[in-house]
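Read through the structure below, which is laid out as structure tokens, and then see the notes.
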2 protein chains.
Amino acid sequence: MSQDIIDAYQRIKDYVNKTPVMTSRTLNELISAHIYVKCENYQRIGAFKARGAFNAIKQLIEDSHPAGVITHSSGNHAQAVALAARELGVKALIIMPKNAPLVKKAATRGYGATIIECGNSPTDRVVKTKEVVEKYGYPLVHPYNDYKIIHGAGTAAYELLTEVGKLDYVLAPVGGGGLLSGTSICVKSLFPDTIVIGVEPLNANDAYLSFKDGTKIYPSINPKTIADGLRTNLGDITFKTIKENVDDIITVSEKQIISAMKFLWERMKIVVEPSGAVPLAGLFRLANEESNYKIKNKKIGLIISGGNIDLTDFFNTLSSLIAE
Amino acid sequence: MSQDIIDAYQRIKDYVNKTPVMTSRTLNELISAHIYVKCENYQRIGAFKARGAFNAIKQLIEDSHPAGVITHSSGNHAQAVALAARELGVKALIIMPKNAPLVKKAATRGYGATIIECGNSPTDRVVKTKEVVEKYGYPLVHPYNDYKIIHGAGTAAYELLTEVGKLDYVLAPVGGGGLLSGTSICVKSLFPDTIVIGVEPLNANDAYLSFKDGTKIYPSINPKTIADGLRTNLGDITFKTIKENVDDIITVSEKQIISAMKFLWERMKIVVEPSGAVPLAGLFRLANEESNYKIKNKKIGLIISGGNIDLTDFFNTLSSLIAE
């Protein structure tokens, strides 16, 4: 329901950024359409995850006044929960695999969260999470399979549609499905005939397979994709929501992801992470190949999920070139 | 005079982008001030140069109806003149050194301009330009030492001040001085007590030396700076304008430029070229060192000049890492 998204928007709007909607003459000419790029890379902590975290934690506080919250994540969700917990005045316990990048652990700790390490397998994570929830009694803020997270994520699409009006298509990336679920709920309740398409890396096409199958959730087994935010599989809530509200899921190759990312960086001057470039890769597929979708002269929204990418090597190389 | 800037703005506003003014909570907290980043990397052709080119060529057309224009540049100005000439319906002849990057030649040619090659020395360039002007009789659109270019460049500051109101400080990069001249004319005519500071690479500190000397223009001899847009020296018009309107010029090291660039990319998700990061490097200097300027809690504008940087190597490396 759209009302859930509007409620989420009212709940979080003083805490999150209203991110810009960017356009590009070059892109519009290339595709012969009107493209509206919703830039969640400019969101707090650099990704849309801040929306869900603030919405979920604020709702939990209103409902049951917990002293803390628990989550598991090695990525943007960890930082989002850490930030939201700090600003809303509760503790954050974040379960992270031992092999998570040091820079992500440091960033999460920087927001005042406590990191609890677990083994590197998905099973290790589930076991440790259960253990921590039992020990502390704080509620779990799941990274995606939770309506509070989904409704928070949907506020990005809500801002987009409020700003640019009805769109013919909206494309969003899909990993665990939180962003695509929230986007689709929002879009379909406001404009039922807008076509909502999820875009997924071919090398992590579990959501594509689940969607086409329609009856069971396919697991994501050792997915080899550069789009690190999209390696997880759907949960029961996101699967149900996506089946009900999403028109199609399409896949893109690793090369197509990098090519889209290059376009966003070089031509639009936007730093996006690989996962964030996936919807544009999908749009290029719709535009370039035989496709059931007619996009010429259409109004198309892309949800760019985030911009957190480690640029240490790039800047080290630059530094090695300077004369001083 | 501010009226010149307003006239320029009216002349070009249908052709150029009104670029966004971005802010960052992280930056504001780090500096303990309110920073407004005017993002000319989102300008057409990826740099503020589009403003001057449209203003100059449109004025030339209104004044004397030339069939073409001539300029010399191996950088952003070449593309800006090529684009503006095409859209305003005149020919563009661009003199470029033989050793200019192929990608820049291709981009300039892509806008329909004719490239005329010259030798690689500054003298070669001057001689060839004189020759081409005599042969074709088209007017020269100088990259910076021209009031039409300066007034066009000043429209970036005009948009900034119109949007955010009075600022305590405005920082702009200085190479040939066109952007700093236009910025300073605009700022001082609207808010005479706003402090305007030019920021220059220490390794190309000719404008700094000229400004401190006050009587003669120092040449830029083989400057070894990563900020390729700031390697030129001042012209007589920009020198005079800067002496009259600019409060100070400060310099930054190559390391400081890269560090500022890294901040803009990683934390603000903005692709800027090294020259574009120079004002932020200057701001970090004012904030971190013993400085005559008190910036705490002040409102500070930064003019980010552009975002054109060759990312071929970066994306080639990424491509080599993918599994497919």
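Checked against side chain to side chain donor-acceptor pair (under 3.5 Å), A:Tyr111 has no partners two or more places apart in sequence or in another chain. Judged as a side chain to side chain donor-acceptor pair (under 3.5 Å), and not counting sequence neighbours, A:Ser275 has no contacts.
Interface remark: B:Asn308 contributes backbone and side-chain atoms alike to the contact with chain A (heavy atom separation under 4.5 Å). Only the side chain of B:Ile226 comes within contact range of chain A, with heavy atoms under 4.5 Å apart.
Between B:Asn17 and B:Arg44, the side chains place no donor N or O within less than 3.5 Å of an acceptor N or O (distance only, hydrogens not considered).
B:Phe315 and A:Ile258 make their closest contact through CD2-CG2, 3.9 Å (heavy atoms, listed as atom of the first residue, atom of the second, distance). Annotation for B:Ala82 and B:Thr108: closest pair CB-O, 3.8 Å, computed over non-hydrogen atoms. In terms of heavy atoms, A:Val81 sits closest to A:Ala53 at N-CB, 3.8 Å. The shortest heavy-atom contact between B:Thr225 and B:Arg231 is O-NH2, 2.7 Å.
The contact list for residues 259-269 of chain A toward chain B, using heavy atoms and a distance under 4.5 Å, reads A:Met261, A:Lys262, A:Trp265, A:Glu266, A:Met268, A:Lys269 by residue number. Contacts of residues 18-29 of chain B with chain A at a heavy-atom distance below 4.5 Å involve B:Pro20, B:Met22, B:Arg25, listed in sequence order.
Between the A:Ser73 side chain and the A:Ala78 main chain, a donor and an acceptor come within less than 3.5 Å of each other. Remark: the backbone N or O of B:Val16 is not paired with any side-chain donor or acceptor of B:Arg51 at under 3.5 angstrom.
The side-chain contact (heavy atoms from CB on, under 4.5 Å) test with B:Leu283 is passed by exactly one of B:Asn288, B:Ile250, B:Leu171, B:Val252: B:Leu171.
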